[in-house]
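The sequence lines fix the lettering, A, B, ..., with proteins before strands; numbering per chain opens at 1.
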Amino acid sequence: MIDSKLLETNFDDTLQNLRRRDPNFDLSLLRSLSFERKALVGVLQELQEKRNRINKGMRGASPDEISAKRDEMKALSMEAKAKEEELRHTENRLHDALLATPNIPRECVPQGVDESDNVEVKKVGEPTTFDFVAKDHVELGESLGLLDFERAAKVSGSRFVFLKGVGARLNRAIANYMIDFHAKEGDLELNPPLLVRGSAAEGVGQLPKFEEGMFKTRRGDDQLYLIPTAEVPVTNYYANEILEESSLPMRFFAYSQCFRSEAGSAGRDTRGMIRQHQFEKIEMVRFATPDQADAEHQNMVDRASRILSDFELPHRIVELCTGDLSFSAERCFDLEVWLPSQNTYREISSCSTFGSYQARRAKIRFRPAAAPGSKKKTKAQPLVTLNGSGLAVGRTLVAILENHQQADGSIQIPRVLQPYMGGQSVIEKTSD
RNA sequence: GGAGACGUGGCAGAGCGGUUGAAUGCAUCGGUCUUGAAAACCGAAGUACCUUCACGGGUACCCAGGGUUCGAAUCCCUGCGUCUCCUCCA
């Protein structure tokens, strides 16, 4: 969540900056609650102080004295309790309002309304061209016997797929290549829980606003959510903890299944593997000091781009505009891969920095190293969390099929993946 | 699924209902001693919020919420969380 102090010290700027996301943004409730809270605190503390003062004399007092003061104390106590109740109510409302407030975009984020205002930063490779009529991945996958959408629909409904045979193997090869890639860079691999408490989802900003996007499970009275991304469990790995500055930055990656209900996206990408209820992703998650954050961010973008280049996939990097920025993010770069069937670039990775927004929600702090001369213990402060896909496995599979298809309907396997495919270099139609 | 135990400071671990924000140990940071270090000794040290230009002052916090009481870390209820045993299971 945003720093509530901004409401007092820097209200106009804060509002203006949030309006870069949405011109109709309204902070008036938040502000009035913040002032209301402050006033209540003052009144309550005065009452408590009075009560404490009287109470101090009670211990050694004679029974007469005690009974004399009793009524007064009782009245004070009641009054204080009523104020406490009032204060708690206000604080709860303030907290809820803060949870519903998105992160503030950085000054450098380009102004814009939606996707069309995103800014291309870099283009790697040229869109693939063919001297034959190119097929899409559904056609390729089905004709080569790699993908089975129909039977998946029979078993689980729409937006699911069976990968089979070489298709399953190729998927595994892609994932393994990426896992090894990050491991070689020295990041720590985590294999996280796929079911998380609501508190974890709240920590990254997924709850309370985006509950519709997640699958919920029930077990008795307990409720757990299927993770929409490994960001949720991995970022919360350090929830409620204080890290030493010397241990930062920390780099993790996790390979996991992800589950999204795709509520509200009816009709979008209904065909094929682009938008599934269940997909695999390798996610990079980082914890950094504010000074380190930008370099970490750039590093994740580079990683994702290098992997795409390794797979010989044309892609581009775009910076999201204020209107397209996700709820918790402060700045974000998307990597988009070229998809011949759609004749356009499609998102395959999203690398975001969250500033202290998530860290404040999940209560992840770091203790700055003491200045060389200083003897004082430093004050813990929220750190910076970042994450980025490196990459979405299913969409990578799609991109490889479509970009590396041959005139005869076969698929050329990128060189780096061949070792992961037992040396296989081409996927051809088998007579069946 | 059945039975039970427990939630106190960075960690471990005390705490007759009233000078307990909280003993003690470890860890941390200063100092003394030492050529330097270790050891020993002395000392400092929680978090949030309100108030003050500042020094400072104040309030709350012993998982959370409610109750009993003039007064609760301490008693009572509820919730949440953790652990152990049995059962089942990849």
Side-chain angles (χ1 to χ4, degrees), chain A residues 1-9 30-31 33-96 98-99 191 193-203 207-208 218-225 233 236-248 257 356 359-383:
Chain A
M1 61 187 100
I2 62 168
D3 186 350
S4 59
K5 283 205 178 71
L6 291 174
L7 296 172
E8 293 172 31
T9 60
L30 218 45
R31 178 141 94 156
L33 285 171
S34 158
F35 283 123
E36 193 178 312
R37 180 195 149 272
K38 201 171 221 178
L40 281 168
V41 165
V43 177
L44 175 62
Q45 289 195 357
E46 228 170 281
L47 282 169
Q48 288 168 325
E49 188 181 349
K50 209 196 267 181
R51 188 191 62 189
N52 288 348
R53 220 179 313 124
I54 297 174
N55 210 345
K56 269 214 181 106
M58 292 296 253
R59 195 188 177 188
S62 68
D64 283 355
E65 287 171 316
I66 289 181
S67 58
K69 297 271 189 194
R70 205 169 257 173
D71 288 345
E72 188 184 355
M73 282 296 291
K74 197 153 199 167
L76 267 174
S77 219
M78 299 279 276
E79 202 179 336
K81 258 179 193 156
K83 279 290 166 205
E84 266 178 65
E85 168 90 43
E86 212 176 314
L87 176 63
R88 187 164 30 249
H89 180 67
T90 300
E91 283 186 330
N92 287 343
R93 288 177 60 202
L94 180 61
H95 185 72
D96 289 350
L98 279 170
L99 284 183
N191 188 326
L194 305 183
L195 288 161
V196 296
R197 298 180 198 285
S199 60
E202 190 175 293
L207 282 178
R218 226 165 241 302
R219 187 191 52 179
D221 292 334
D222 285 351
Q223 176 167 285
L224 292 172
Y225 296 87
N236 279 283
Y237 186 73
Y238 284 124
N240 300 311
E241 295 193 36
I242 299 174
L243 309 179
E244 291 301 327
E245 179 175 9
S246 57
S247 67
L248 300 174
Q257 297 287 346
S356 55
R360 204 169 277 118
R361 291 173 82 116
K363 299 192 180 68
I364 311 171
R365 294 175 294 171
F366 77 103
R367 196 178 296 287
S374 166
K375 299 164 183 175
K376 277 197 178 163
K377 200 174 174 186
T378 57
K379 199 172 140 83
Q381 56 177 272
L383 47 68

Starting at atom [atom1] of [X], determine the distance to atom [atom2] of [N], rounded to an integer number of angstrom.
X: A:Ile242; N: B:rG9; atom1: CD1; atom2: C1'; value: 11 Å
X: A:Glu245; N: B:rG10; atom1: CD; atom2: C1'; value: 18 Å
X: A:Arg360; N: B:rA48; atom1: CZ; atom2: C1'; value: 14 Å
X: A:Lys74; N: B:rU68; atom1: NZ; atom2: P; value: 8 Å
X: A:Leu224; N: B:rC80; atom1: CG; atom2: C1'; value: 14 Å
X: A:Lys83; N: B:rA60; atom1: NZ; atom2: P; value: 17 Å
X: A:Met73; N: B:rG18; atom1: CE; atom2: C1'; value: 11 Å
X: A:Asn240; N: B:rC61; atom1: CG; atom2: P; value: 20 Å

Between [N] and [M], how far is it from one [atom1] atom to the other, in whole Å?
N: B:rC11; M: B:rG46; atom1: C1'; answer: 14 Å
N: B:rU74; M: B:rG7; atom1: P; answer: 12 Å
N: B:rC33; M: B:rU19; atom1: P; answer: 40 Å
N: B:rC62; M: B:rG21; atom1: C1'; answer: 9 Å
N: B:rA22; M: B:rG15; atom1: C1'; answer: 8 Å
N: B:rC89; M: B:rA12; atom1: C1'; answer: 36 Å
N: B:rC63; M: B:rC6; atom1: C1'; answer: 12 Å
N: B:rA60; M: B:rA44; atom1: C1'; answer: 24 Å

Below the 4.0 Å mark, does [N] have OP1 or OP2 next to a side-chain nitrogen or oxygen of [X]?
X: A:Ser77; N: B:rG71; result: yes
X: A:Arg53; N: B:rG58; result: no
X: A:Arg367; N: B:rA45; result: no
X: A:Asn52; N: B:rU59; result: yes

Heavy-atom count check: over 12 atoms from other residues, nucleotides or ligands less than 6.0 Å from A:Glu84 CD? yes

Is it the case that the side chain of A:Arg51 and the backbone of A:Ala80 share a donor-acceptor pair, with hydrogens and angles ignored and the cut-off at 3.5 Å? no

Out of B:rC49, B:rC50, B:rU69, minimum distance to the side chain of A:Lys5 belongs to B:rC49

Those residues at least two apart in sequence (or on a different chain) that pass side-chain contact (heavy atoms from CB on, under 4.5 Å) with A:Glu91 are A:Arg37, A:Leu87

From the options A:Lys38, A:Glu36, A:Glu85, A:His95, select the one residue that forms a side-chain hydrogen bond (donor to acceptor under 3.5 Å, both in side chains) with A:Thr90. A:Glu36

[X] vs [Y] side-chain heavy atoms within contact, under 4.5 Å:
X: A:Leu7; Y: A:Phe35; result: no
X: A:Glu245; Y: A:Arg367; result: no
X: A:Phe366; Y: A:Ile242; result: no

With both distances kept under 3.5 Å, what pairs with [N], Watson-Crick or G-U wobble?
N: B:rU24; answer: B:rA12
N: B:rC83; answer: B:rG4
N: B:rC61; answer: B:rG46
N: B:rA40; answer: B:rU32
N: B:rC75; answer: B:rG67
N: B:rC89; answer: none

Distance-only donor-acceptor test (3.5 Å): side chain A:Lys81, base B:rU69: yes

Closest-nucleotide 5' rank along RNA chain B - winner of A:Arg51 and A:Glu85: A:Arg51

Drop me the distance from [X]'s [atom1] to [Y]'s [atom2], to the nearest 0.5 angstrom.
X: A:Glu49; Y: A:Leu76; atom1: CD; atom2: CG; value: 12.0 Å
X: A:Lys363; Y: A:Asn236; atom1: NZ; atom2: CG; value: 11.0 Å
X: A:Arg93; Y: A:His89; atom1: CZ; atom2: NE2; value: 5.0 Å

For A:Ser4 versus A:Leu98, what's the shortest heavy-atom pair and its separation? CB-CD1, 3.9 Å

Contact residues, residues 86-94 of chain A to RNA chain B [heavy atom, < 4.0 Å]: A:Arg88

RNA chain B-proximal residues of residues 33-50 of chain A, any heavy atom under 4.0 Å: A:Arg37, A:Lys38, A:Val41, A:Gln45, A:Gln48, A:Glu49

Please determine, by modelled atom types, if A:Gln381 and A:Arg365 share a side-chain donor-acceptor pair under 3.5 angstrom. no

